Amino acid sequence: MGSTIPPAQHARLLCRQNLLTNTAGIAPGYLQANLLVLPAKYASDFHDLCLRNPVPCPLLGMTADPGDPSAVRPAECIQSSDFDVRTDFPRYRIYSGGKLMDSRSDLLEVWGNDHVAFLIGCSFSFENALTAAGLPPRHQATGTLVAMYRSNIPLLPAGVFTGGNCIVSMRPYRPEEIEEVRAITRAYRLTHGEPVAWGWDGARQLGIVDVNKPDFGQPQPFKEGEVPVFWACGVTPQMAVEAAGDKIKGLVFAHEPGHMLITDLTSEALQSSKPETI
């Protein structure tokens with residue numbers, strides 16, 4: 001009798017075959033991850049950036065050795081031996097000199113022997129808990145990509161990474177629901193935790209002029225009485241790369257916003273144990 005493939009591994013295999021795109025709501029209970037890949041000489045700077053900015057850049061894991069796309073530490077992050085960071089996200093972005101150059105379904109032709117990959121926690125990870133509490137995110141109901149915006153929240157600098165600002169994601173809720181939303185998501189500190197701002201005043205404080213015009217993802221419809229609620233977002237490292245510009249030599253890779261990796265880490269493990277220091 002053949003063994004059953006775990007949901008997270010099944011999702012990664014679908015991504016590898018280009019059969020999965022938007023990962024919101026996929027493999028409930030498993031943590032999802034954003035991606036940044038860069039030449040090894042900048043890995044220490046980016047690691048420091050994550051440690052100094054743990055809310056927008058919560059570090060879940062990284063590849064164990066430069067050039068190796070398969071081994072990830074901590075081992076709990078990806079437990080299957082059948083893993084390739086170059087193929088197991090639905091879609092990737094390619095940067096050069098801080099500029100977005102291309103988007104493609106895999107990195108097989110551009111991966112180098114000195115590339116190091118970092119996995120950053122994603123807020124999709126707590127959406128199952130919101131749904132279980134009767135607070136489903138709007139983008140799951142509409143089958144669209146979550147709305148994401150450039151904010152005026154500065155990143156603390158590290159090495160070549162200076163001058164970047166945080167990206168925030170947005171989900172509409174009624175004002176009386178916000179305290180419960182905060183309480184549910186607060187436990188998920190490795191996937192951005194609780195909101196950084198909410199309400200129309202909160203949007204203005206973040207420098208967001210029009211919530212109907214997100215910088216990434218798609219606009220979300222509001223029901224009467226709802227207000228925007230904003231979380232830090234794992235697209236933030238891409239803004240750090242843009243700000244670094246030509247200080248980074250060589251190709252940098254990232255996930256396409258909304259197109260995440262499904263890890264083997266579970267929500268239950270996140271809340272019941274202390275994560276390994278990376």
Side-chain angles (χ1 to χ4, degrees), residues 22-34 53-58 60 120-153 165-236 257-258 260 262-263 265-272 275:
N22 181 1
T23 56
I26 300 298
Y30 289 88
L31 303 191
Q32 299 197 25
N34 303 274
N53 299 273
V55 177
C57 305
L60 288 181
I120 308 297
C122 172
S123 60
F124 283 178
S125 305
F126 56 59
E127 291 185 339
N128 184 57
L130 288 171
T131 298
L135 299 163
R138 183 63 38 77
H139 60 272
Q140 287 199 24
T142 58
T144 55
L145 291 174
V146 65
M148 294 162 275
Y149 308 82
R150 297 175 187 265
S151 81
N152 56 15
I153 303 173
N165 283 3
C166 294
I167 297 296
V168 295
S169 62
M170 188 280 296
R171 297 158 182 83
Y173 285 103
R174 297 182 63 82
E176 61 269 25
E177 296 172 330
I178 293 175
E179 283 306 311
E180 185 176 3
V181 167
R182 292 180 64 195
I184 291 170
T185 58
R186 187 176 298 132
Y188 291 80
R189 61 185 183 84
L190 282 182
T191 59
H192 306 302
E194 68 175 293
V196 296
W198 51 89
W200 302 111
D201 286 343
R204 286 188 286 270
Q205 290 168 4
L206 293 174
I208 298 169
V209 176
D210 188 348
V211 295
N212 294 312
K213 295 180 179 179
D215 295 291
F216 308 97
Q218 296 171 283
Q220 297 302 312
F222 284 76
K223 296 179 180 179
E224 185 176 354
E226 290 182 332
V227 299
V229 182
F230 299 95
W231 282 263
C233 175
V235 178
T236 296
M260 309 301 175
I262 314 298
T263 76
L265 295 170
T266 64
S267 301
E268 291 78 5
L270 173 69
Q271 297 181 57
S272 63

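Nothing here was measured: the structure is a model prediction, and the numbers come from that model.
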Between [X] and [Y], what is the shortest heavy-atom contact and its length?
X	Y	result
Arg150	Ile208	O-CG1, 4.1 Å
Ser123	Ser169	OG-OG, 3.8 Å
Val196	Val55	CG1-CG1, 4.3 Å
Pro257	Phe216	CG-CD2, 4.1 Å
Ser125	Gln32	OG-N, 2.8 Å
Pro219	Pro214	N-CG, 3.7 Å

Interatomic spacing from [atom1] in [X] to [atom2] in [Y] - rounded to 0.5 Å:
X	Y	atom1	atom2	answer
Ile178	Glu226	CD1	CD	10.0 Å
Asn34	Thr191	CG	OG1	10.0 Å
Ile153	Leu206	CD1	CG	5.0 Å
Glu180	Leu130	CD	CG	8.5 Å
Arg171	Glu177	CZ	CD	14.0 Å
Ile26	Glu127	CD1	CD	11.0 Å

A side-chain contact here means heavy atoms from C-beta on lying under 4.5 Å apart; do Pro172 and Val227 qualify?
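No; the side chains remain at least 4.5 Å from each other.
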
Check whether any side-chain heavy atom of Thr131 lies under 4.5 Å from a side-chain heavy atom of Pro137, and answer yes or no.
yes

Over 60° means perpendicular and under 30° means parallel, so tell me whether Trp200 and Phe222 are parallel, tilted or perpendicular.
tilted

Using 30° and 60° as the class limits, which term best fits the ring planes of Tyr149 and Phe230: parallel, tilted or perpendicular?
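Ring orientation of Tyr149 relative to Phe230: perpendicular.
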
I'd like to know if the side chain of [X] reaches the main chain of [Y], judged simply by a donor and an acceptor atom lying under 3.5 Å from each other, with no hydrogens or angles considered.
X	Y	answer
His192	Pro58	no
Asn152	Asn165	no
Ser151	Cys166	yes
Gln220	Leu145	yes
Arg138	Pro221	yes

Pair Phe126, Trp231 - check ring pair (Phe, Tyr, Trp, His ring centres under 6.0 Å), show working.
CA-CA 11 Å; Phe126 56 59; Trp231 282 263; 5.5 Å; yes

